[in-house]
Amino acid sequence: MAFVNNRPLKSSEWVLGELKREIETGERVPGDKLASVVELAERFGVGRSTVREALSALKAMGWLDIRQGGGTYVKSPPPGNGTGDALADWMTNAQSLLQLVEVRRVLETGNASLAARNHSDADAEALRAAVRRMEEVLSDESAGEQADTAFHLLLAESTHNPLLIDLTRSLSDKLQNGMRDTRTLWFYADLRSAEALLQEHIGIMEAVTLREERLAADRMERHLAKVETVLRERISGKRIAPPPG
């Protein structure tokens with residue numbers, strides 16, 4: 001079925017709304033596999049990046065399960081999303097993520113710098129093991145989120161400052177949830193993006209283990225600044241630039 005492009009909404013919002021409507025009306029049921037990005041782009045008469053943005057948003061709202069290399073599947077309707085303005089909920093979530101990233105930029109740049117100064121040999125090996133784990137689970141989204149969170153918690157522990165460790169641990173649930181949702185915003189089943197994210201963590205780890213305090217803080221700052229940029233672009237409706245490489 002072809003669609004006429006006479007809608008007032010941004011294209012990705014329109015595609016999101018059409019797919020969500022099909023799920024809500026039962027045209028698509030839990031377990032159904034969606035057509036490929038290429039096929040959906042042709043069907044809706046939009047670009048592939050537009051389709052990826054819509055699918056990424058629907059995944060973050062709990063309507064879709066995107067499996068890297070395995071396709072996109074309809075999930076059971078998420079609680080509380082059956083009524084109301086799902087797009088508004090999505091934007092509110094993005095705003096909350098942005099606030100969390102702002103806190104992380106203050107906290108984690110300091111963690112990285114202090115970890116570079118205070119870490120032990122055991123801490124250094126734990127950080128190396130953490131990035132090896134991130135590489136091992138590069139194509140496993142759930143395991144990747146857990147490995148990402150573990151790396152940031154290890155950085156805090158490597159400061160050997162009990163207050164910073166407790167503060168970071170108190171945010172651990174928010175960190176993991178925020179990383180999950182930010183990954184969804186950042187990339188849609190895109191291995192290049194996952195690899196770019198891994199390289200950033202490797203760079204932070206290397207600066208810390210070399211006891212380069214300023215470099216560790218700078219690399220953490222650049223990493224989180226990129227995440228913040230992604231969120232601001234999503235909120236403003238601008239297209240997110242593809243990852244380097």
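These values consider heavy atoms only, across backbone and side chains, with no hydrogens, waters or symmetry-generated copies. Worth saying up front: this structure is predicted, and the values here are computed from it rather than measured.
- Remark: the His152 side chain and the Asn111 side chain contain no N/O donor-acceptor pair separated by less than 3.5 Å.
- Side-chain contact between Leu55 and Leu40 is present, with at least one heavy-atom pair separated by less than 4.5 Å.
- Contact annotation: the side chain of Asp148 approaches that of Leu197 to within less than 4.5 Å [non-hydrogen atoms, C-beta and beyond].
- In terms of heavy-atom proximity, Ala124 sits nearest to Thr209 at CB-CG2, 3.7 Å.
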Intermediate values then yes/no, side chain to side chain contact (heavy atoms under 4.5 Å, CB included), Leu64 and Lys75: CA-CA 5 Å; Leu64 297 177; Lys75 293 176 63 175; 5.6 Å; no
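- To the nearest 0.5 Å, atom CG of residue Leu171 and atom CG of residue Asp166 are 11.0 Å apart.
- Leu167 and Leu114 end up in the same hydrophobic cluster when Ile, Leu, Val, Met, Phe, Trp and Tyr side chains are linked at under 4.5 Å.
- Across His160 and Ser120, no two heavy atoms sit closer than the pair NE2-N, 4.1 Å.
- Taking the side chain as every heavy atom from C-beta outward, Trp63 and Lys20 approach each other to under 4.5 Å.
- Between Asp65 and Thr72, the closest side-chain pair of non-hydrogen atoms is not below 4.5 Å.
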Side chain to side chain contact (heavy atoms under 4.5 Å, CB included) assessment of Phe151 paired with Leu127: CA-CA 7 Å; Phe151 175 85; Leu127 288 168; 4.0 Å; yes
Glu108 and Val103: CA distance, side-chain angles, deciding distance, side chain to side chain contact (heavy atoms under 4.5 Å, CB included) verdict: CA-CA 8 Å; Glu108 295 199 64; Val103 172; over 6 Å; no
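- Look at Glu39 and Arg43 and you find no salt bridge, because none of the NZ, NE, NH1 or NH2 atoms lies under 4.0 Å from a carboxylate O.
- Between Glu157 and Arg169, at least one side-chain nitrogen of the basic residue sits less than 4.0 Å from a carboxylate oxygen of the acidic one, meeting the salt-bridge criterion.
- Met134 has its side chain within reach of His201: a pair of non-hydrogen atoms, C-beta onward, lies under 4.5 Å apart.
- Val208 places none of its side-chain heavy atoms less than 4.5 Å from the side chain of Asp123.
- Here the shortest heavy-atom pairing between Ala116 and Glu213 reads CB-CA, 3.8 Å.
- A heavy-atom distance below 4.5 Å is not found between the side chains of Ser113 and Met220.
- Residues Leu155 and Thr168 are not in side-chain contact: their nearest non-hydrogen atoms beyond the backbone lie 4.5 Å or more apart.
- Using a 4.0 Å cut-off between a side-chain N of Lys or Arg and a carboxylate O of Asp or Glu, Glu135 and Arg128 do not qualify as a salt bridge.
- Following chains of ILVMFWY side-chain contacts shorter than 4.5 Å, one can reach Met205 starting from Leu138, so the two form part of one hydrophobic cluster.
- Following chains of ILVMFWY side-chain contacts shorter than 4.5 Å, one can reach Trp14 starting from Leu16, so the two form part of one hydrophobic cluster.
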His119 vs Arg211, side chain to side chain contact (heavy atoms under 4.5 Å, CB included): CA-CA, chis, key distance, verdict: CA-CA 8 Å; His119 74 270; Arg211 299 193 183 278; 3.5 Å; yes
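- With respect to Arg222 and Glu200, no salt bridge is recorded, no charged nitrogen being found less than 4.0 Å from a carboxylate O.
- Val131 and Leu215 fall into different hydrophobic clusters, defined by Ile, Leu, Val, Met, Phe, Trp and Tyr side-chain heavy atoms under 4.5 Å apart, directly or through other members.
- Shown here for Val15 and Val46, the closest heavy-atom pair between the two residues is CG2-CG2, 4.2 Å.
- Leu154 approaches Ala126 most closely through the heavy-atom pair CD1-O, 3.6 Å.
- Looking at Asp32, its side chain does come within 3.5 Å of a backbone N or O of Val29 through a donor-acceptor pair.
- Of the inter-residue distances, the one linking Leu100 atom CG with Glu102 atom CD reads 9.5 Å to the nearest 0.5 angstrom.
- Between the Arg48 side chain and the Val38 main chain, no donor and acceptor come within less than 3.5 Å of each other.
- Follow the hydrophobic side-chain contacts under 4.5 Å out from Ile204 and you never reach Ile165; the two are in separate clusters.
- Taking 4.0 Å as the cut-off between side-chain N and carboxylate O, Arg21 and Glu24 do not count as a salt-bridged pair.
- One distance of note links NE2 of His223 with CD of Gln199; it measures 13.0 Å at 0.5 Å rounding.
- Taking 4.0 Å as the cut-off between side-chain N and carboxylate O, Arg117 and Glu212 do not count as a salt-bridged pair.
- Taking a 6.0 Å sphere around CZ of Arg214, one finds it holds 12 or fewer heavy atoms contributed by other residues, nucleotides or ligands.
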